[in-house]
Enquirer: 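Would you mind keeping the following structure in view while I ask a few things?
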Amino acid sequence: MENNLFLDAAFSKQTERPPVWMMRQAGRFMPEYWEIKNKYSFLEMCKTPEIAADVTMLPVNLLDIDAAILFCDILVTGEAMGGDLSFTQGIGPKFANPVRTVKDIENLNVDCLGELQYVADAIKVIQQRLNNKIPLIGFAGAPFTVMSYLVEGGSSKDFKLTKLMLHNEPEMAHQLLAKIAKVTAAYLNLQIEAGVNAVQIFDSWALALSWNDYQEFSHRYIQEIIANLNRKDIPVISFCKGSSVFAPIMAEAKPDVVSVDWNADLLNIKNALPKGIAVQGNLDPHILYANKPVIKKEIHRLFERMRGTDGFIFNLGHGIMPDIPFDNVKYAIEVVKEFRY
């Protein structure tokens with residue numbers, strides 16, 4: 001690998017500067033993304049290996065980041081299991097057949113890796129194009145987050161139906177989560193076999209959960225997934241919205257990296273984690289709306305706070321918003337790459 005910064009930091013080795021990649025780095029803030037998006041539906045983009053590779057490579061070619069991340073979606077596992085998934089501009093993902101009864105759960109198929117072969121095919125195309133320049137990150141949605149979409153039938157502000165299932169029908173919830181976890185572990189191993197260099201587990205809606213519910217309905221399944229990964233030489237990153245609260249539990253699942261939202265002091269989180277677990281984060285993505293001197297000041301503030309710390313990957317506390325100026329994202333990455341400890 002020409003650029004090993006990301007992998008070295010993920011395995012808590014010393015690096016000359018923090019490596020940088022950003023969640024949603026290939027997306028709607030890029031005019032070049034829209035040139036592709038205006039020709040194809042979102043699922044067509046995910047399911048056509050050459051197009052998925054085109055989108056994955058945009059930030060590699062335009063931003064010169066230190067790691068690429070596969071272009072796909074966290075909900076493809078739910079679709080592969082039998083969910084009728086669609087994406088509508090301005091509305092987001094919808095499952096036309098929500099999962100709300102024991103029968104619905106029983107109808108979900110766990111032997112569905114064949115439905116996800118297009119992801120493995122995309123990884124092979126991307127790795128050919130990367131040509132060992134930088135690592136490629138694969139990913140999957142965490143069971144609780146995928147469950148919330150399946151139960152709600154789409155995005156939700158309050159997760160009322162999901163939480164009702166957790167509290168009124170916990171055995172049913174565990175039956176559903178166990179199925180998703182089994183598929184997710186197999187899916188991530190499919191990606192590893194196809195050639196990704198790291199994987200990240202996204203629990204985007206974990207912040208909806210209380211401490212106890214997070215332990216019971218999220219953490220135990222992430223722990224199970226990580227325990228079943230073929231992770232030799234493959235760092236595992238665990239991310240959730242709420243990691244500033246849940247980081248101590250997240251560490252118990254033994255990821256290599258905990259990705260932290262922007263609500264916490266990153267050094268405090270790092271120092272509280274077991275030795276050998278790296279941190280990723282945690283700039284507030286809203287900073288990228290600000291003037292360039294502010295962007296530089298905030299990145300340098302974070303770097304000075306983390307000075308002398310092994311195992312630090314620079315990222316945002318969540319994904320890039322669609323209307324953040326492209327030039328600001330590019331500038332932020334330049335600031336990172338110019339920095340030296």
Side-chain angles (χ1 to χ4, degrees), residues 5-13 15 17-25 27 59 63 65-69 74 135 137 139 141-142 145 198-207 214 218 222 235-251 253-290 294-321 324 328-329 332-333 335-337 339 341:
L5 279 176
F6 166 81
L7 293 174
D8 284 348
F11 285 128
S12 294
K13 295 178 184 174
T15 54
R17 64 164 173 86
V20 53
W21 73 278
M22 294 185 182
M23 289 182 268
R24 295 203 195 118
Q25 67 187 16
L63 297 173
I65 35 74
D66 294 314
I69 184 164
I74 61 170
I137 304 166
F139 70 92
T145 289
V199 293
Q200 177 158 317
I201 300 169
F202 283 87
D203 206 353
S204 305
W205 301 124
L207 192 57
Y214 178 78
S218 179
I222 292 172
V236 178
I237 308 167
S238 183
F239 166 79
C240 78
K241 259 184 163 178
S243 48
S244 52
V245 176
F246 297 133
I249 314 177
M250 294 167 74
K254 297 185 168 52
D256 298 288
V257 185
V258 170
S259 189
V260 182
D261 59 34
W262 68 90
N263 301 107
D265 178 273
L266 194 59
L267 185 61
N268 288 347
I269 295 280
K270 172 74 169 138
N271 288 340
L273 292 172
K275 187 170 177 57
I277 294 186
V279 289
Q280 177 176 275
N282 74 332
L283 189 76
D284 180 349
H286 295 81
I287 295 293
L288 297 182
Y289 287 117
V294 176
I295 294 171
K296 184 172 187 175
K297 181 187 78 173
E298 292 299 326
I299 291 172
H300 279 199
R301 188 208 300 265
L302 176 60
F303 285 2
E304 290 303 330
R305 181 74 175 136
M306 298 301 289
R307 184 179 285 277
T309 304
D310 293 341
F312 167 42
I313 298 163
F314 176 78
N315 208 310
L316 306 178
H318 198 235
I320 300 172
M321 278 79 80
I324 285 177
N328 285 13
V329 178
I333 288 165
V335 168
V336 174
K337 296 192 79 169
F339 187 86
Y341 283 127

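Positions are given from 1 along the sequence. Only a predicted model underlies this, so the values are computations on that prediction, with no experimental measurement involved.
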Enquirer: What distance do S259 atom OG and I269 atom CD1 have between them, rounded to the nearest 0.5 Å?
Expert: 11.5 Å
Enquirer: Say you draw a straight line from CD1 of I324 to OH of Y289; how long is it, rounded to the nearest 0.5 Å?
Expert: 5.0 Å
Enquirer: Take M321 and R24, measure what side chain to side chain contact (heavy atoms under 4.5 Å, CB included) needs, and give me the verdict at the end.
Expert: CA-CA 8 Å; M321 278 79 80; R24 295 203 195 118; 5.5 Å; no
Enquirer: Given I237 and V199, is the side chain to side chain contact (heavy atoms under 4.5 Å, CB included) satisfied, shown in steps?
Expert: CA-CA 6 Å; I237 308 167; V199 293; over 6 Å; no
Enquirer: Quick one: does any side-chain atom of Q25 pair with a main-chain N or O of A67 as donor and acceptor, under 3.5 Å?
Expert: yes
Enquirer: Mind checking what makes side chain to side chain contact (heavy atoms under 4.5 Å, CB included) contact with V245, not counting sequence neighbours?
Expert: W211
Enquirer: Quick one: do the S218 and D203 side chains pair a donor with an acceptor below 3.5 Å?
Expert: yes
Enquirer: Looking at side-chain heavy atoms only, is the closest gap between I295 and L288 below 4.5 Å?
Expert: yes
Enquirer: Apply side chain to side chain contact (heavy atoms under 4.5 Å, CB included) to residues M23 and I320 and explain how you reach the verdict.
Expert: CA-CA 6 Å; M23 289 182 268; I320 300 172; over 6 Å; no
Enquirer: With side-chain contact (heavy atoms from CB on, under 4.5 Å) as the test, pick out the partner of W21 among I313, L63, D66.
Expert: I313
Enquirer: Hey, are the side chains of N271 and L273 touching, using non-hydrogen atoms and a 4.5 Å cut-off?
Expert: no
Enquirer: For D261, give me all partners under salt bridge (Lys or Arg N to Asp or Glu O under 4.0 Å), at least two apart in sequence or on another chain.
Expert: none
Enquirer: With K337, which residues qualify under salt bridge (Lys or Arg N to Asp or Glu O under 4.0 Å), at least two apart?
Expert: D64
Enquirer: State, with a plain yes or no, whether a side-chain heavy atom of F139 is found less than 4.5 Å away from one of I69.
Expert: yes
Enquirer: Enter the distance from L207:CG to N263:CG here, rounded to the nearest 0.5 Å.
Expert: 7.5 Å
Enquirer: Taking the side chain as every heavy atom from C-beta outward, state whether M306 and P18 have any atom pair closer than 4.5 Å.
Expert: no
Enquirer: To the nearest 0.5 Å, what is the distance between NZ on K13 and CG on L5?
Expert: 12.0 Å
Enquirer: Tell me the closest heavy-atom pair linking K270 and S12, and the distance in Å.
Expert: NZ-OG, 4.5 Å
Enquirer: Which heavy atom in A278 sits nearest to a heavy atom in A9, and how many Å separate them?
Expert: CB-O, 3.4 Å
Enquirer: Any side-chain to backbone donor/acceptor pair from N315 onto Q280? Under 3.5 Å, distance only.
Expert: no
Enquirer: CG/N282 to CZ/F239 distance, rounded to the nearest 0.5 angstrom?
Expert: 10.5 Å
Enquirer: Can you name the closest pair of heavy atoms from N328 and A290 and give their distance?
Expert: ND2-O, 3.2 Å
Enquirer: State, to 0.1 Å, how close G319 and P285 come at their nearest heavy-atom pair, and which atoms those are.
Expert: O-CB, 3.7 Å
Enquirer: Measuring from I287:CD1 to I299:CD1, what's the distance to the nearest 0.5 Å?
Expert: 9.0 Å
Enquirer: Looking at side-chain heavy atoms only, is the closest gap between D284 and H318 below 4.5 Å?
Expert: no
Enquirer: Test of understanding: with side chain to side chain contact (heavy atoms under 4.5 Å, CB included), list the residues that count as partners of S204, not counting sequence neighbours.
Expert: I74, T145, F202
Enquirer: If you define the side chain from C-beta out and look only at heavy atoms, does anything of I333 sit under 4.5 Å from M22?
Expert: yes
Enquirer: Sequence neighbours excluded, which residues qualify as side chain to side chain contact (heavy atoms under 4.5 Å, CB included) partners of N268?
Expert: D265, R305
Enquirer: Do L7 and P235 make a side-chain contact, defined as non-hydrogen atoms from C-beta onward lying under 4.5 Å apart?
Expert: yes
Enquirer: List the steps, then state whether side chain to side chain contact (heavy atoms under 4.5 Å, CB included) holds for T15 with F6.
Expert: CA-CA 9 Å; T15 54; F6 166 81; over 6 Å; no
Enquirer: Which residues pass the ring pair (Phe, Tyr, Trp, His ring centres under 6.0 Å) test with F303, not counting sequence neighbours?
Expert: F312, F314, F339
